[in-house]
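Step one of this worksheet: look at the structure below.
Computed from a predicted structure; not experimentally measured. In the text below, chain A, chain B and the rest are named by the order of the sequence lines, each starting its count at 1.
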Protein chains: 2
Amino acid sequence: MTTAAPTSSRDLPHPERTEIRLEAVLHALSDPMRLLVVRELAADGDELSCSHFDLPVTKSTTTHHFRVLREAGVIRQVYRGTAKMNGLRRDALDDLFPGLLDSVLAAAARQAVRLGGS
Amino acid sequence: MTTAAPTSSRDLPHPERTEIRLEAVLHALSDPMRLLVVRELAADGDELSCSHFDLPVTKSTTTHHFRVLREAGVIRQVYRGTAKMNGLRRDALDDLFPGLLDSVLAAAARQAVRLGGS
DNA sequence: GCCGTACTACGATGCCTATCGTACGAGTCG
DNA sequence: CGACTCGTACGATAGGCATCGTAGTACGGC
């Protein structure tokens, strides 16, 4: 259910819903880059390719961050051709930790306003 | 406001409310030991001494964890005689990140039930 | 079949951190 | 004062991790 039929043959390891740990999720979200990615994913709906994000790090590092997010159970990644599409695992997170993701997103938005000014 | 008159002469550096960063809070809560401490603090009201906690680590490490929590703005520490009392900074956290702490605590409680069974 | 694009794998590096042990300072109580 | 308790400071250590660069793999289009 959680893993739809992949458009490509390559498959990626995702943690089962019961394998997701709060500490891992919090740790994944505690990195500025990853928090930025999650905020953008939440804002733009889902299904965004890795290359859509213009992070101030190399592609190697970007790959690393996406893997951390996937292995923590925060995002779901599916290959579609050469692109790798990313989507928030809202269903699993909201089921396991109700309100957590929204609180973090709201907190991040508030802090962005508070610090960035814009 | 946030810093009451200390019972002892020794004083501890706490971040101002505006200095508290979401990433730092999430990182502080992403450690199992520290999450345990915060859960106990939230359950037992506030004003618990460091020695009250029976963590499976040495006292040096315990001191380290409490300092991380304090420097992230999660707890407030005040000396009272030889003891160091610890309390959650609920006011600051709820003001900066409404609902975040409660979501994390609820998520931790849910996960404890889900995993521990007891 | 070949090339370009998208992403990965692997090794290296430097920093951060969780942990410990020991030695020390601060405060309380006899 | 002296001893004891609570917590700190400092050094050491080992592991983790964010970052990079380069070389390589998968896929789609020409």
Report task. Kindly give the heavy-atom pair with the smallest separation between A/Ser30 and B/His27, and that separation in Å. Result -> CB-N, 3.5 Å
Report summary line: From CZ of A/Phe66 across to C1' of C/dA6 the rounded distance in Å is 12 Å
**Report entry** Atom pair CD (A/Glu40) and CG (A/Asp54), whose distance is rounded to the nearest 0.5 Å
**Finding:** 9.5 Å
What nitrogen or oxygen pairs link the protein and nucleotides 9-15 of chain C at under 3.5 Å?
| unit_1 | atom_1 | unit_2 | atom_2 | d |
| --- | --- | --- | --- | --- |
| C/dA9 | N6 | A/Ser60 | OG | 3.4 |

Query raised in the report: Is a side-chain donor or acceptor of A/Arg80 paired with a backbone partner of A/Glu47 at a separation under 3.5 angstrom?
Result: no
Query - Interatomic distance, B/Asp11 CG vs C/dA26 C1' [rounded to whole Å] - result: 15 Å
Query - Rounded distance in Å - CG (B/Leu48) to P (D/dG7) - result: 11 Å
**Report entry** Nucleotide C/dC7, atom P - distance to CE of A/Met85 in whole Å
**Finding:** 9 Å
Query raised in the report: Under a 4.5 Å cut-off applied to non-hydrogen side-chain atoms, are B/Leu100 and A/Val104 in contact?
Result: yes
Report task. Using atom CZ of A/Phe53 as one end and atom C1' of C/dA6 as the other, report the distance to the nearest whole Å. Result -> 15 Å
For nucleotides 14-18 of chain D, tabulate all protein N/O to nucleotide N/O atom pairs closer than 3.5 Å, reporting atom names and distance.
| unit_1 | atom_1 | unit_2 | atom_2 | d |
| --- | --- | --- | --- | --- |
| D/dA18 | OP1 | A/Arg34 | NH2 | 3.3 |
| D/dA18 | OP2 | A/Arg34 | NH1 | 3.1 |
| D/dA18 | OP2 | A/His64 | NE2 | 2.7 |

Could you go through nucleotides 3-5 of chain D and list every protein N or O atom that sits under 3.5 Å from one of its N or O atoms, giving the distance for each pair?
none

Requested in this report: Decide yes or no for A/Arg17 and A/Asp95: does some side-chain heavy atom of the first lie under 4.5 Å from some side-chain heavy atom of the second?
Outcome: yes
Query raised in the report: Between atom OH in A/Tyr79 and atom P in D/dG28, what is the gap in whole Å?
Result: 13 Å
Query raised in the report: So, B/Ser103 side chain and B/Gly99 main chain: donor-acceptor pair closer than 3.5 Å or not?
Result: yes
Requested in this report: Look at B/Asp91 together with B/Arg76 and state whether they make a salt bridge at an N to O cut-off of under 4.0 Å.
Outcome: yes
Query raised in the report: Are side-chain heavy atoms of B/His14 and B/Glu71 found at a separation under 4.5 Å?
Result: no
Query raised in the report: Should A/Arg90 and A/Asp102 be marked as a salt bridge (Lys or Arg N to Asp or Glu O under 4.0 Å) after you check the CA-CA gap, both sets of side-chain angles, and the distance that decides it?
Result: CA-CA 10 Å; A/Arg90 264 204 173 276; A/Asp102 286 330; 3.0 Å; yes
Report task. Give a yes/no answer on whether the side chain of B/Ser49 brings an N or O atom under 4.0 Å of OP1 or OP2 in D/dC6. Result -> no
Query raised in the report: Tell me: NZ of B/Lys59 to P of D/dA9, nearest whole Å?
Result: 14 Å
Query - Test item: A/Arg34 and A/Val68 side chains (from C-beta on) under 4.5 Å apart, heavy atoms - result: yes
Query raised in the report: Side-chain contact, heavy-atom cut-off 4.5 Å: B/Ile20 with B/Phe97?
Result: yes
Report task. Using atom CG of B/Leu55 as one end and atom C1' of D/dG7 as the other, report the distance to the nearest whole Å. Result -> 14 Å
